[in-house]
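Working notes for the structure below.
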Amino acid sequence: MYKSFIVLGFCLINLKALAEEIVTHPYIKEEQSSRFEDLIEILDIAMLKTQTDFGSYQLRSSASDMTESRLLHEVKSGNKVNVIWSSTSPQKEENLRVIRIPLRKGLLGYRLSFIHKDEQAKFNQVQTITDLKAFHIGQGMGWGDIRLYENSDIIVEQAPYQSLFKMIAPKRFDLFPRGINEIYKELDIYGEANPKLAIEKSFAIYYPWPYYFFTSKNNESLALRIEVGLKRMIADGSFDRIFLKYNHVAIQKAKLSERKLIHLENPFLPEDTPLDDAKLWYFPKVGLQPD
């Protein structure tokens with residue numbers, strides 16, 4: 001009888017474990033943790049708010065770091081990773097199950113630029129896209145917005161992410177645009193080792209740049225769960241609270257209303273991008289309007 005209870009208990013534990021949903025997100029290097037901690041919190045809260053409907057879950061990181069192309073491959077198969085965050089494109093939305101709720105309310109589309117600290121004067125006169133074309137821009141290898149800059153006839157130099165901060169000092173390129181939610185954290189991390197690094201003061205670049213969660217098309221249940229969780233977060237205000245928790249200081253520092261905004265077109269947005277749903281997007285204070 002005692003053995004029977006042990007076996008029964010073991011089976012119940014295993015059934016509970018089987019019912020628990022394992023959500024595996026991309027591996028995050030320690031030096032990059034500040035870039036993605038808001039997305040981890042959003043994902044966790046979205047899962048938490050759907051426990052009653054979908055059951056328990058466990059959030060964990062993949063075992064190793066991967067390039068973006070590898071992540072896209074892995075999430076499509078759902079083997080080593082089953083949810084990723086990424087900027088969108090028609091190809092991504094064709095290959096993967098997209099959850100069309102911009103994770104940072106489109107804030108990544110507002111870009112300030114790293115420059116050489118001695119060269120602010122030459123950027124003070126930048127007013128238009130034509131002016132911007134006089135400068136070379138640095139971007140990470142294979143980043144999605146490279147095509148967007150090139151579409152506006154802006155020359156782009158590509159390099160591994162962490163190398164880009166070092167390339168400002170020898171003037172390998174002129175500008176390294178970053179989301180306003182990224183640039184101040186990165187200056188704290190990389191500024192000491194790169195004393196020539198400075199944030200440009202006179203203009204911002206804007207283009208629509210939604211950043212979404214993606215899953216495999218074969219994992220509709222997980223996609224639906226995340227989508228339901230995000231919508232509940234928007235409805236109860238927790239989505240905006242997390243947005244402000246991680247971004248309000250950077251928004252204040254950026255002083256967007258005092259900058260000239262240079263608006264680049266993004267012809268690569270999928271047709272179903274929810275640009276007309278105002279509650280999903282961040283809008284700067286009056287005084288900063290696209291050209």
Ion pair [X]/[Y], N-O distance below 4.0 Å:
| X | Y | result |
| --- | --- | --- |
| Lys171 | Glu119 | yes |
| Asp236 | Lys49 | yes |
| Arg259 | Glu200 | yes |

Item to check | Validation row, ring centre Phe36 to ring centre Tyr27 under 6.0 Å | outcome: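 Distance test on ring centres: not under 6.0 Å, no.
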Can you confirm whether [X] is buried at [atom1], in the sense that more than 12 heavy atoms of other residues, nucleotides or ligands lie under 6.0 Å from that atom?
| X | atom1 | value |
| --- | --- | --- |
| Gln58 | CD | yes |
| Arg172 | CZ | no |
| Lys217 | NZ | yes |
| Asp188 | CG | yes |
| Lys185 | NZ | yes |
| Lys133 | NZ | yes |
| Glu41 | CD | yes |

Are the side chain of [X] and the backbone of [Y] linked by a donor-acceptor contact shorter than 3.5 Å?
| X | Y | answer |
| --- | --- | --- |
| Lys105 | Lys279 | yes |
| Asp131 | Gln127 | yes |
| Ser152 | Ile154 | no |
| Arg225 | Gly55 | yes |
| Glu258 | Lys255 | no |
| Trp281 | Pro274 | yes |

Checklist entry - Centre of Phe114's six-membered ring, under 6.0 Å away, within 45 degrees of the axis: is that where NZ or CZ of Arg178 sits? => result no
Item to check | Arg104 to Tyr211 six-membered ring, cation-pi geometry met (6.0 Å, 45°) | outcome: yes
Considering only heavy atoms from C-beta outward, does the side chain of [X] approach that of [Y] to under 4.5 Å?
| X | Y | value |
| --- | --- | --- |
| Tyr212 | Pro210 | yes |
| Asp174 | Ile137 | no |
| Asn219 | Arg97 | no |
| Ile115 | Ile168 | no |
| Ile99 | Val83 | no |
| Leu112 | Pro177 | no |
| Lys92 | Lys76 | no |
| Lys80 | Thr24 | no |

Next on the checklist: Looking at every non-hydrogen atom in both residues, tell me the closest pair between Thr128 and Ile262 and how far apart they are.
Outcome noted: O-CD1, 3.8 Å
Item to check | Exercise: identify the closest heavy-atom pair between Lys117 and Pro195 | outcome: CD-O, 3.6 Å
Next on the checklist: Is there a side chain to side chain contact (heavy atoms under 4.5 Å, CB included) between Lys196 and Lys166? Walk through the geometry before answering.
Outcome noted: CA-CA 9 Å; Lys196 298 294 185 181; Lys166 305 172 186 176; over 6 Å; no
side-chain contact (heavy atoms from CB on, under 4.5 Å) with [X]: which of [options]?
| X | options | answer |
| --- | --- | --- |
| Asn247 | Leu107, Ile242, Ile180 | Leu107 |
| Phe214 | Asn82, Ile226, Leu71, Val98 | Val98 |
| Trp85 | Leu103, Ile42, Asp38 | Leu103 |

Checklist entry - How would you list all residue pairs meeting ring-ring contact (aromatic ring centres under 6.0 Å, His included) that involve residues 117-136, not counting sequence neighbours? => result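 Every pair satisfying ring-ring contact (aromatic ring centres under 6.0 Å, His included) with a residue in residues 117-136: Phe123-Phe135.
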Item to check | ring-ring contact (aromatic ring centres under 6.0 Å, His included) partners of residues 223-254, not counting sequence neighbours, each pair once | outcome: Phe243-Tyr282
Under 3.5 Å side-chain donor-acceptor pair for [X] and [Y]:
| X | Y | result |
| --- | --- | --- |
| Glu271 | Thr273 | no |
| Glu93 | Thr88 | yes |
| Glu21 | Ser56 | no |

Item to check | Parallel, tilted or perpendicular: rings of Tyr161 and Tyr190 (30°, 60°) | outcome: perpendicular
Checklist entry - With sequence neighbours left out, what residues match His116 under ring-ring contact (aromatic ring centres under 6.0 Å, His included)? => result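 With sequence neighbours excluded, His116 shows a ring-ring contact (aromatic ring centres under 6.0 Å, His included) to no residue whatsoever.
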